[in-house]
Amino acid sequence: EQPYACDEPGCEYRASEVGTLKDHKRRHTGERPYVCEEPDCDYRAIHARDLKVHKRMNSGVRPHVCDEPDCEYRAAQPGDL
């Protein structure tokens, strides 16, 4: 069940949680409350998880490891494996 509906004209998005709807509405407003604090970086994100991935890219942290034998590839996010 998705009882929370976006009130933006023409948008039919519905969500099961009010927080998910709040995140969705940022797409309409352009609000990007999550800000990279690195000097000279103007990256801003709608979602905290996107900022977290961005910070990994800046820091070089690659916590996700390929499970193929003899492969040393590591990635900042699992979708990059």
In short, side chain to side chain donor-acceptor pair (under 3.5 Å) pairs touching residues 31-45 with sequence neighbours left out are none
P3 and S16 have their tightest heavy-atom pair at CD-CA, 4.0 Å
(message) With side chain to side chain contact (heavy atoms under 4.5 Å, CB included) as the criterion, how do D80 and H64 come out once you've worked through the C-alpha distance, each side chain's angles and the decisive distance to 0.1 Å?
(response) CA-CA 9 Å; D80 290 341; H64 304 283; over 6 Å; no
Nearest-0.5 Å distance, [atom1] of residue [X] to [atom2] of residue [Y]:
{"X": "T20", "Y": "K25", "atom1": "OG1", "atom2": "NZ", "answer": "12.5 Å"}
{"X": "H28", "Y": "Y13", "atom1": "NE2", "atom2": "OH", "answer": "9.5 Å"}
{"X": "L81", "Y": "E68", "atom1": "CG", "atom2": "CD", "answer": "10.5 Å"}
{"X": "R27", "Y": "C6", "atom1": "CZ", "atom2": "SG", "answer": "11.5 Å"}

Below 4.5 Å, heavy atoms only, C-beta onward: do D23 and H47 meet side chain to side chain? yes
Residue set satisfying salt bridge (charged side-chain N to carboxylate O under 4.0 Å, His left out) with K55, at least two apart, ordered chain then number -> none
Across all chains, not counting sequence neighbours, the salt bridge (charged side-chain N to carboxylate O under 4.0 Å, His left out) partners of R14 are none
